[in-house]
**Student:** 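Submitted below is the structure of interest, expressed as structure tokens.
In each ligand, atom 1 is the first atom listed, and ligand 1 is the first ligand listed. The figures that follow rest on heavy atoms only: side chains count, while hydrogens, waters and symmetry mates do not. The first residue in the sequence is number 1, and the count goes up from there.
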Amino acid sequence: MLIVQKYGGTSVGSLERIENVAFRVIKTKELGNSLVVVVSAMSGETNKLIEYAEHFTSTPAKKEMDMLLSSGERVTAALLAIALQAKGVDAVAMTGRQAGIVTDSVHTYARIEEIDPSPMKSAIESGKVVIVAGFQGITKDGSVTTLGRGGSDLSAVAIAGAIGADQCEIYSDVDGVYTTDPRIEPRAKKLDIISYDEMLEMSSLGAKVLQNRSVELAKKLKVKLYAKSSFSDNAGTLIAEESENMESVLVSGVVLDRNQARVTLRGVSDKPGIAAQIFTKLADCLINVDMIIQNSATSDGETILGFTVPQSELQNAKTVMENFDHDIKDMDFDEKICKVSVVGVGMKSHSGIAAKAFSIMAQNGINIQMIATSEIKISMIVNEKYGELAVRTLHEAYELDK
Ligand code: ADP
Ligand code: ASP
Ligand code: MG
């Protein structure tokens with residue numbers, strides 16, 4: 001088989017762990033497989049590099065940030081290749097550029113536009129193990145880009161698609177996708193299989209185990225995707241097309257996203273075009289708005305408009321809103337919130353699931369600040385101090401531990 005394996009930060013977090021990965025790669029190769037291995041930076045490395053830049057300014061140029069951040073992955077790719085060579089394995093390390101990964105020019109959040117698989121393919125054909133630095137690519141005019149946090153997962157899936165790999169395995173410190181983050185609820189159960197759509201929803205709602213864009217691309221390219229642990233030989237979780245027996249599952253998981261902040265605008269003039277102006281300004285500043293609610297207008301023609309943004313973008317959102325000097329009377333910002341979501345394809349055909357979630361919150365005295373629903377999810381914004389309690393009680397209420 002032709003396999004792409006991706007090892008995340010914890011899996012390559014020390015020299016011993018890089019050696020452990022080398023042994024795993026050798027084992028896979030000895031079973032007769034060809035391999036491309038995508039690596040992340042050592043755990044904590046990307047954050048450390050960001051702190052270095054922020055020592056000088058809180059707004060470093062994104063182009064230089066990409067140059068800086070892409071270095072973390074290059075270190076691990078080189079070290080893993082060296083570790084393999086030291087064990088007599090023919091391995092070659094490649095940067096994103098050397099692996100033929102071309103992106104658009106949205107620095108720090110670039111999209112992969114195309115991959116020229118020939119450098120990787122010819123190395124594989126000559127019997128080499130190819131090690132690729134994840135999370136990075138290059139624009140058509142030669143600038144280094146990165147793909148957004150957690151982006152090595154995306155590198156792996158895109159490479160798997162480009163070289164026609166039989167499967168793509170994402171290795172982290174958990175042995176698969178669980179019904180909720182096992183660090184929050186130790187009784188969480190590992191799922192053997194989950195549909196692309198449910199996984200995409202869980203990832204987009206904040207389950208870190210797979211990056212959301214990687215799941216989206218895996219679905220599009222029909223890449224057979226596994227989440228596995230680099231610390232065990234357990235089977236992991238397969239992410240695949242929805243099948244009939246999956247549909248009987250009502251709720252498949254509960255997700256907590258701590259990285260949310262709420263913006264509330266009061267006394268907003270109730271007239272056409274205001275929402276368009278506000279959200280266009282935010283979009284122009286590349287601020288990702290997530291949940292949005294608007295009340296119906298009061299008799300004096302005013303509404304309340306609330307929305308959430310990632311915590312890292314709250315400062316920017318504040319600046320944008322404070323410069324919006326008309327049609328809003330008052331605003332406040334709250335970082336002490338989190339988003340709790342319940343996900344399941346079975347919700348499509350069952351009613352009462354949302355009502356149950358709201359009852360559980362009420363029984364536990366947890367006030368719900370915002371609600372958003374779709375066919376296969378319910379999300380609630382609550383005070384951050386209730387996030388873990390909400391996850392555990394919802395997990396129990398939907399019997400996910402059974
Ligand atoms: P890596 O650094 O290898 O990319 P991540 O830290 O990004 O790994 O992802 C693994 C983490 O995802 C786990 O340590 C776990 O705490 C978290 N996680 C969140 N939700 C889930 C879930 N539903 N199932 C498994 N892990 C989850
Ligand atoms: N090192 C990058 C990050 O920490 C990319 C990754 O690990 O996937 O976000
Ligand atoms: Mg990750």
**Student:** Without swapping roles, check the side chain of Lys356 against the backbone of Ala397 for a donor-acceptor pair under 3.5 Å.
**Tutor:**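 Flag set: sc Lys356 to bb Ala397 pair under 3.5 Å.
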
**Student:** Hey, does Pro182 sit under 4.0 Å from ligand 1 if you only count heavy atoms?
**Tutor:**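 The answer is yes, since Pro182 has a heavy atom less than 4.0 Å from ligand 1.
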
**Student:** Can you name the atoms of ligand 1, numbered from 1 with element, that are less than 4.0 Å from a heavy atom of Ser172?
**Tutor:**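 Within the 4.0 Å cut-off of Ser172, ligand 1 contributes 3 (O), 8 (O), 10 (C).
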
**Student:** What is the closest protein heavy atom to atom 2 (O) of ligand 1, and at what distance does it sit?
**Tutor:**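 The protein heavy atom lying closest is Gly9 N, 3.4 Å.
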
**Student:** What's the shortest distance from atom 3 (O) of ligand 1 to any protein heavy atom, and which residue and atom give it?
**Tutor:**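 Among all protein heavy atoms, the one nearest atom 3 (O) of ligand 1 is Gly8 CA, 3.1 Å.
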
**Student:** In terms of side-chain geometry, is the basic nitrogen of Arg111 or Asp104 positioned less than 4.0 Å from the acidic oxygen of its partner?
**Tutor:**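 Judged by the 4.0 Å cut-off on N to carboxylate O distance, Arg111 and Asp104 do not form a salt bridge.
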
**Student:** Testing Ile239, Leu210, Val209, Val255 one by one against Ser203 for a side chain to side chain contact (heavy atoms under 4.5 Å, CB included), which residue passes?
**Tutor:**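 When Ile239, Leu210, Val209, Val255 are each tested with Ser203, the side chain to side chain contact (heavy atoms under 4.5 Å, CB included) holds only for Leu210.
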
**Student:** Report the part of Ser11 in contact with ligand 1, treating N, CA, C, O as backbone and CB onward as side chain, heavy atoms under 4.0 Å; options are side chain, backbone, both, neither.
**Tutor:**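 Neither part.
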
**Student:** List ligand 1 atoms under 4.0 Å from Ala207, heavy atoms only on the residue side.
**Tutor:**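 Answer for ligand 1: 20 (N).
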
**Student:** Numbering the atoms of ligand 1 from 1, which are under 4.0 Å from a heavy atom of Met202?
**Tutor:**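 Result: 23 (N).
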
**Student:** Run the salt bridge (charged side-chain N to carboxylate O under 4.0 Å, His left out) test on Arg183 and Asp173 for me, step by step, so that the C-alpha distance in whole Å, both residues' side-chain angles and the decisive distance to 0.1 Å come before the verdict.
**Tutor:** CA-CA 11 Å; Arg183 288 176 202 273; Asp173 55 355; 2.5 Å; yes

**Student:** Within a distance under 4.0 Å of any heavy atom of Thr46, pick out the atoms of ligand 2 and give their elements.
**Tutor:**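 Taking each heavy atom of Thr46 in turn, ligand 2 has 1 (N), 2 (C), 3 (C), 4 (O) under 4.0 Å.
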
**Student:** Suppose I only count heavy atoms of Gly176 and a 4.0 Å limit; which atoms of ligand 1 are within that range?
**Tutor:**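 Heavy-atom distances to Gly176 below 4.0 Å select 24 (N), 25 (C).
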
**Student:** Measure the shortest side-chain to side-chain distance between Lys63 and Ser143 over non-hydrogen atoms and say whether it is less than 4.5 angstrom.
**Tutor:**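 Yes, at least one pair of side-chain atoms sits under 4.5 Å.
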
**Student:** Quick one: look up the protein heavy atom nearest atom 23 (N) of ligand 1 and list residue, atom name and how far away it is.
**Tutor:**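 Nearest neighbour among protein heavy atoms for atom 23 (N) of ligand 1, to 0.1 Å: Tyr178 O, 3.0 Å.
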
**Student:** Is the contact between Asp173 and ligand 1 made by the side chain, the backbone, both, or neither, using heavy atoms and a 4.0 Å cut-off?
**Tutor:**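 Just the side chain.
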
**Student:** How about Thr298 and Ile304: do any of their side-chain heavy atoms sit closer than 4.5 Å?
**Tutor:**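 Thr298 does not reach Ile304 side chain to side chain.
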
**Student:** Considering only the protein, which heavy-atom contact is closest to atom 4 (O) of ligand 2, and what is its distance?
**Tutor:**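 Nearest neighbour among protein heavy atoms for atom 4 (O) of ligand 2, to 0.1 Å: Arg149 NH2, 2.9 Å.
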
**Student:** Is it the side chain (CB and beyond), the backbone, both or neither of Lys208 that lies under 4.0 Å from ligand 1, heavy atoms counted?
**Tutor:**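 Both parts.
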
**Student:** Using a 4.0 Å cut-off to any heavy atom of Lys6, which atoms of ligand 1 qualify?
**Tutor:**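 In order of numbering, the contacting atoms are 4 (O).
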
**Student:** Are Tyr171 and Phe231 near enough that their ring centres are under 6.0 Å apart?
**Tutor:**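 No - the distance between ring centres of Tyr171 and Phe231 does not fall below the 6.0 Å cut-off.
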
**Student:** Does the side-chain hydrogen bond (donor to acceptor under 3.5 Å, both in side chains) test come out yes or no for Thr145 and Thr103, once each step is laid out?
**Tutor:** CA-CA 7 Å; Thr145 48; Thr103 72; 2.7 Å; yes

**Student:** How far is atom 7 (O) of ligand 2 from the closest protein heavy atom, and which atom is that?
**Tutor:**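 Ranking protein heavy atoms by distance from atom 7 (O) of ligand 2, first comes Ser40 OG, 3.0 Å.
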
**Student:** At a 4.0 Å cut-off, with the gap strictly under it, does some heavy atom of Gly8 reach an atom of ligand 2?
**Tutor:**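 For ligand 2, residue contact (heavy atoms, under 4.0 Å) with Gly8 is absent.
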
**Student:** So does Ile366 get a backbone contact from the side chain of Asn364, meaning a donor-acceptor N/O pair under 3.5 Å?
**Tutor:**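 Answer holds: no.
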
**Student:** Please confirm whether Ser43 approaches ligand 1 to less than 4.0 Å, judged on its heavy atoms.
**Tutor:**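 It does not; every heavy atom stays at 4.0 Å or beyond.
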
**Student:** Please determine if Asp153 has a nitrogen or oxygen closer than 3.5 Å to a nitrogen or oxygen of ligand 1.
**Tutor:**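 No.
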
**Student:** Does Lys6 reach ligand 2 with a nitrogen or oxygen that is under 3.5 Å from one of the ligand's nitrogen or oxygen atoms?
**Tutor:**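 No, no N or O pair falls under 3.5 Å.
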
**Student:** How far is atom 27 (C) of ligand 1 from its nearest protein heavy atom, and which residue and atom is that?
**Tutor:**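 For atom 27 (C) of ligand 1, the nearest protein heavy atom comes out as Val209 CB, 3.7 Å.
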
**Student:** Can Arg213 be said to sit on top of Tyr109's aromatic six-ring, NZ or CZ under 6.0 Å from centre and within 45° of the ring axis?
**Tutor:**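 Verdict for Tyr109: a cation-pi partner in Arg213.
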
**Student:** Quick test of your reading of the model: are Arg24 and Asp233 salt-bridged, counting only N-O distances below 4.0 Å?
**Tutor:**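 Yes, this pair counts.
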
**Student:** Taking N or O atoms only and a 3.5 Å limit, does Thr179 qualify as a polar contact for ligand 1?
**Tutor:**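 No: no nitrogen or oxygen of Thr179 is under 3.5 Å from one in ligand 1.
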
**Student:** Thinking salt bridges, do Lys339 and Glu384 make one under a 4.0 Å N-O criterion?
**Tutor:**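 Between Glu384 and Lys339 there is no salt bridge, as every charged N stays at least 4.0 Å from the carboxylate O atoms.
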
**Student:** Any idea which protein heavy atom is nearest atom 21 (C) of ligand 1, and the distance to it?
**Tutor:**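 For this ligand atom, the closest protein heavy atom is Asp181 CA, 3.7 Å.
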
**Student:** Taking non-hydrogen atoms only, is Glu73 closer than 4.0 angstrom to ligand 2 via side chain, backbone, both or neither?
**Tutor:**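 Just the side chain.
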
**Student:** Under 4.0 Å, heavy atoms only, figure out whether ligand 1 is touched by the backbone of Glu185, its side chain, both or neither.
**Tutor:**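 It is neither; nothing of Glu185 touches ligand 1.
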
**Student:** Just jot down the ligand 1 atoms closer than 4.0 angstrom to any heavy atom of Val174, in number order.
**Tutor:**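 It comes down to these atoms of ligand 1: 13 (C), 25 (C), 26 (N).
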
**Student:** Does the Lys NZ or Arg CZ of Lys190 fall within the cation-pi geometry relative to Tyr178 - under 6.0 Å from the ring centre and within 45° of the axis?
**Tutor:**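 Output no; distance or angle outside limits.
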
**Student:** For Thr108, is there any backbone N or O sitting under 3.5 Å from a side-chain donor or acceptor partner on Asp66?
**Tutor:**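 Flag set: sc Asp66 to bb Thr108 pair under 3.5 Å.
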
**Student:** Out of all atoms in ligand 1, which are within 4.0 Å of some heavy atom of Val177? Include the element for each.
**Tutor:**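 Once the distances to Val177 are compared, the set is 24 (N).
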
**Student:** Keeping Asp175 on the side-chain end and Asn234 on the backbone end, is there a donor-acceptor pair under 3.5 Å?
**Tutor:**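 Checked: no pair found.
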
**Student:** Does Ile184 offer a backbone N or O that forms a donor-acceptor pair with the side chain of Arg392 under 3.5 Å?
**Tutor:**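 Pair found, side chain donor or acceptor close to backbone of Ile184.
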
**Student:** Going by distance only, is there an N or O of Gly150 that falls short of 3.5 Å from an N or O of ligand 2?
**Tutor:**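 For ligand 2, there is an N or O atom that lies under 3.5 Å from one belonging to Gly150.
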
**Student:** With a heavy-atom distance limit of 4.0 Å, tell me whether Tyr171 approaches ligand 1 through its side chain, its backbone, both, or neither.
**Tutor:**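 It is the backbone that touches ligand 1; the side chain stays farther off.
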
